[in-house]
Number of protein chains: 2
Amino acid sequence: MSDKDKKNQYSNPPTMHDVAHVAGVSQMTVSRVMRGTGYISKDVLKRVQDAAISIGYVHNRLAGGMSKYDNPLIGVVVPSLQNRVFTEVLSGISDTLNNNNLQPVFGVTEYSLEREEEIVFDLLSWRPRGLILAGLEHTDGLRRIIEQTGVKTAEIMDVDGSAIAASFGISQKAAGEQMAKYLLNKGYKNFAYIAWLDERAKKRFDAFKAYIENHGGIISQTRISPKMLSMKEGRELTADILSGSDKPEVIYYANDDLAAGGLMHCITENIKVPEDVALAGFNGLNFLEALPVQITTTKTPRYEIGVEAANWISDKNSKQEERRVHEFDIELIKGDTT
Amino acid sequence: MSDKDKKNQYSNPPTMHDVAHVAGVSQMTVSRVMRGTGYISKDVLKRVQDAAISIGYVHNRLAGGMSKYDNPLIGVVVPSLQNRVFTEVLSGISDTLNNNNLQPVFGVTEYSLEREEEIVFDLLSWRPRGLILAGLEHTDGLRRIIEQTGVKTAEIMDVDGSAIAASFGISQKAAGEQMAKYLLNKGYKNFAYIAWLDERAKKRFDAFKAYIENHGGIISQTRISPKMLSMKEGRELTADILSGSDKPEVIYYANDDLAAGGLMHCITENIKVPEDVALAGFNGLNFLEALPVQITTTKTPRYEIGVEAANWISDKNSKQEERRVHEFDIELIKGDTT
DNA sequence: TTGACATATGTTTGCGCAAACATATATTTT
DNA sequence: AAAATATATGTTTGCGCAAACATATGTCAA
């Protein structure tokens, strides 16, 4: 009897029942083998595995997971896949969930809180065991859904604010103040700021600005865009700022891409850094190491944040109600550009 | 009666039945409202929606999707989230699937074909409507599973080889030859090559090398690493190559990050590009625009590849059996570095 | 005014699995 | 040798939904 004939005796697609029939055991025993739970003898284990392969059976989690709200899915919602910060966190999440036999289901919001609510609602229809969201800002509707369903939720990137349950991130406020303090200590007084403002950059800048202005400095120029900016715009906006008459002593950028763009402008135009203008970024991305000069920046543990959040979600003992705040350390990298 | 009391009358979590009871309709009508199918009067529509919100009902796709192999999940498997090439493709996929009301479920292989097989097997347990894989190289086991389950599969990035069903990508072979031809025409004869070799870079380099050597050029040095390399290593390996006595006229890099690292070395060391050494990359990533000089490279339509693959998967009329090859155009960007 | 068709809703049914429980045999302890 | 425990398997049951089909009522044309 050919393989094809053999297959046709059974349901299409084949079910555990079919596997059980071939292996000469009960459907429940097949279920145990598929999930690796309970007691199974070596002999039966092999027979079931062989039977499954021979008829091309693939485990169907939709069926069993039905109604139980504890299947191995984790909803992960991030603002963007174009921003390396999020893809690094995602890497940490993906690696960790894999180690815990959980499966991420992704959504991308493009930085819209309304979109986030829609996506989460949609993801919840898969009855995920947990949810990982970016930031602490969400719509009221989203908060309500999470409360109503009781789905275990981790918020990442940011700890300045009120979390739904557990939060994993850095204090954006502290990061902004730390950089302000460092730059003031270096003797700089006249600052410019270039950014594209997501929620976290906003918190960082507010703290930065407040500290600067409370300690005798001024922010004489800003270039703030509502839409996402990258290295290219960092270069252009730096050129713009430096072409004016009131030249700042330092430019603080909302991220390293912008700062690197600024550095490229200075290299191209033979502007001395930090003598003519100093530069500071944020994130501490790896590619900075490859640049001709080391940019001053704040290093954030992005991969680790993803790992810890995913571990918390995976841990059956961690409770939604504990509302733990996991604040990660940041490190100010004193580079050559300040 | 408080909201809480009202909720407690019903199942926990609430079901369509509960919603139906509150709205005074049948469970099937609620199902129609949730999925937006069939005929529903304005009045009933509103009553059902209100009822759902009032008792905190969230649609459960696990239940209905059971056994039907046509639920709105798409499995997406990529080698890495650290490589911008894949995150850009992913962006295209994510955006497009969203537009088609499909939900991506992700897996990351870390460039291991065995891991890919495991991940796909795992993803299939969610009975996805389709699968998007990177590359044309897969284990025999994976090919067999795909054939057995008949799951609609798109392969992306690469079209040089034998696809399972539909493939979406560029000809790596053509890209390698095109660059070889261009550089030979510029008069260069002595080449170096720096790479970390994934399947696609390998095909590209084989074609590049064959063309060079068949047309009077030589590849005098190579630096090929089995593990992933970034800008930093691009800089270091370039320094290494240029520190030797047999200096190549051009360095061809497997990607733009490596090439940009090479450029950074040249800028730092005041090496004239392209007079002392010419550089060429691959991908045409956006950040190249921000560099002090434009690097010669091959521009690939990454986002579009993601969009088209996702559209094909979403299209109910597209058939697995057609085995269409969707080859995308590449463009050689003649920069300042050659 | 009849029939054809669009619109709107309800009833029955079974999908494939895993929890809960039952049972049976082997192994160890007392 | 009896009791306790570990190991190994089977039986029954129901999860929540959507397909298939049935049944109304409204609307329009002939």
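Naming: A, B, ... by sequence-line order, numbering from 1 per chain.
- Rounded to whole Å, the distance from NZ on Lys42(A) to P on dA26(C) is 19 Å.
- Note on Glu118(B) versus Arg115(B): salt bridge recorded, some NZ/NE/NH1/NH2 to OD/OE distance being below 4.0 Å.
- A close approach under 4.0 Å does not occur between any side-chain nitrogen or oxygen of Tyr39(B) and OP1 or OP2 of dA8(C).
- Here Ser80(A) contributes atom OG and Asp198(A) contributes atom CG; the two are 10.0 Å apart, rounded to the nearest 0.5 Å.
- By the 6.0 Å contact criterion, NE2 on His326(A) is enclosed, its count of non-hydrogen atoms from other residues, nucleotides or ligands being greater than 12.
- Between the CD1 atom of Ile40(B) and the P atom of dG10(C) there is a distance of 9 Å, rounded to whole Å.
- Residue Met28(B) contributes atom CE, which lies 13 Å from atom C1' of dA22(D) at whole-angstrom precision.
- When the side-chain nitrogen and oxygen atoms of Ser26(A) are compared with OP1 and OP2 of dT11(D), none of them lie within a distance under 4.0 Å.
- The base of dG16(C) does not come close enough to the side chain of Arg127(B) for any donor and acceptor atom to sit less than 3.5 Å apart.
- Taking atom NE2 of residue His17(A) and atom P of nucleotide dA18(C), one finds them 15 Å apart after rounding to whole Å.
- At whole-Å resolution of the value, CZ in Arg35(B) and P in dA18(D) are 4 Å apart.
- For the atom pair Arg61(A) CZ and Leu62(B) CG, the distance stands at 11.5 Å (nearest 0.5 Å).
- Contact between the side-chain N/O atoms of Ser31(B) and the OP1/OP2 oxygens of dC17(D) is not found at any separation under 4.0 Å.
- Between the C1' atom of dG16(D) and the CG atom of Leu62(B) lies a distance of 10 Å, rounded to the nearest Å.
- Taking 4.0 angstrom as the limit, Thr29(A) places a side-chain polar atom (N or O) nearer than this to OP1 or OP2 of dG10(D).
- Counting heavy atoms from C-beta on, the side chains of Phe106(B) and Val77(B) never come closer than 4.5 Å.
- Atom NE2 in His59(A) sits about 9 Å away from atom C1' in dG16(C), given to the nearest Å.
- Summarising the geometry, the separation between CE on Met16(A) and P on dT11(D) is reported as 16 Å, rounded to the nearest angstrom.
- Side-chain atoms of Arg32(B) and base atoms of dG10(C) include a donor and an acceptor less than 3.5 Å apart.
- A sub-4.0 Å separation between OP1 or OP2 of dT9(D) and a side-chain N or O of Ser41(A) is present.
- In this structure, the nucleotide among dC21(C), dC17(D), dA18(C) sitting nearest to the side chain of Gln27(A) is dA18(C).
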